[in-house]
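Quick note on labels: first sequence line is chain A, next is B, and so on, each numbered from 1.
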There are 2 protein chains.
Amino acid sequence: MSETKPAQPNANVDLLDDQLGYHLRRLSVKVMADLSDALEPQKLTPADASILFVIGANAGMTQSEVGKALGIFRANMAPLVGRLVKRGFIERRTIDGRSQALKLTAAGAAACRQAKAAVREHEDRLFGSLPAVAKRKLVKEIRALWQRDDVP
Amino acid sequence: MSETKPAQPNANVDLLDDQLGYHLRRLSVKVMADLSDALEPQKLTPADASILFVIGANAGMTQSEVGKALGIFRANMAPLVGRLVKRGFIERRTIDGRSQALKLTAAGAAACRQAKAAVREHEDRLFGSLPAVAKRKLVKEIRALWQRDDVP
DNA sequence: TATTGTTATACTCTATAACTATA
DNA sequence: TATAGTTATAGAGTATAACAATA
């Protein structure tokens, strides 16, 4: 038997309903699922796409720097970047014996552009109903909450 | 070598910085990590705790109903509930040949109370700096975004 | 036929430890 | 000693398919 998506809540989730963390999680899951679908035609995961975006905007960054910018551990960057190199989207240039600068190839730049279009469409599909001002305010609030370093 | 948490972004993440979905994801990851730590003393995962909360507030719900309320697939509920039954936190009562009503045992109710205290403390640690009014507004906005059913 | 619970399986993402080699 | 990249490994969460038992 196949199964449809878990339905809307029709039950009392008690204390959870007042929890910002709970609702952030539920929304984030929905957003990531839609984003995965949006990138599926390109066979890119959300992590793949975010790496292309960062390298595209910062040619010459090292793998570690890209990981830091995105909150991805060094150990997890290795296979992600490795796949993108193997697919011909990223080129490595040796800086010194241990560091390598990353940049997009022509194919990578094209994939990056296409992914950006898909992401914009996805973002608009999910959040297009929000007035631009309200969305910018939300972005600012959410960003401030995760970028604070006073709470680990 | 051990490794510390990926640092704050100091690089241009380009289009990502305007994306609500990106910031929701970053914040959600941070929140879930802190919540996991908060529940670790009880050896409960966030999913475990959410199940205890829902059953605690809705004694007699079936496993499927709990899953629907939380957005957890039936197939994934089985091992989650199974573990909580094995630990003596949940009791099953047969409704008919295929459904079973769930309720908390005394130990489960105690664990639920303790988890609620941990969750409140965690939520306050992360979001306590927000004025109550602002937090309620955020909760309302985020909840509305994921509960909409006009966009899959 | 549809529903409940289950098992098996797969993939993404996050995370830690440990290794190599370079600096 | 510290850093960059890598490998191996683990765990949580999400997801699909398929099965048995039951309604």
[X] side-chain N/O to [N] phosphate OP1/OP2 under 4.0 Å:
X      : N       : result
R74(B) : dT14(D) : no
S64(B) : dG5(C)  : yes
T45(A) : dC13(C) : yes

Return the value, rounded to whole Å, for the distance between atom [atom1] of [X] and atom [atom2] of [N].
X      : N       : atom1 : atom2 : answer
L80(B) : dT6(C)  : CG    : C1'   : 13 Å
I72(B) : dA15(D) : CD1   : P     : 11 Å
D96(B) : dT4(C)  : CG    : P     : 9 Å
F73(B) : dT6(C)  : CZ    : P     : 17 Å
N76(A) : dA12(D) : CG    : C1'   : 14 Å
E40(A) : dA15(D) : CD    : C1'   : 14 Å
I51(B) : dG5(C)  : CD1   : P     : 12 Å

Next item on the list: Mind checking P46(A) for me? I need base, sugar-phosphate or nothing, with any heavy atom below 4.0 Å counting as a touch.
Entry: sugar-phosphate
Notebook entry, point to check: Of all the nucleotides listed (dT4(C), dA15(D), dT6(D)), which has the minimum atom distance to the side chain of A78(A)?
Noted result: dT6(D)
Margin query: Side chain of A75(B) only, heavy atoms from C-beta on: which candidate in dA17(D), dG13(D), dG5(D) is closest?
Written below: dA17(D)
Next item on the list: Quickly, which of R83(B), Q42(B), K43(B) forms a side-chain hydrogen bond (donor to acceptor under 3.5 Å, both in side chains) with D48(B)? Name it, please.
Entry: R83(B)
Note to self: Assuming nearest nucleotide by heavy-atom distance, tell me which of V81(A) and V29(A) is located more 5' along DNA chain D.
What the structure shows: V81(A)
Check: Hey, which of these two, R25(A) or A101(A), hits DNA chain D nearer its 5' end, going by closest nucleotide?
Finding: A101(A)
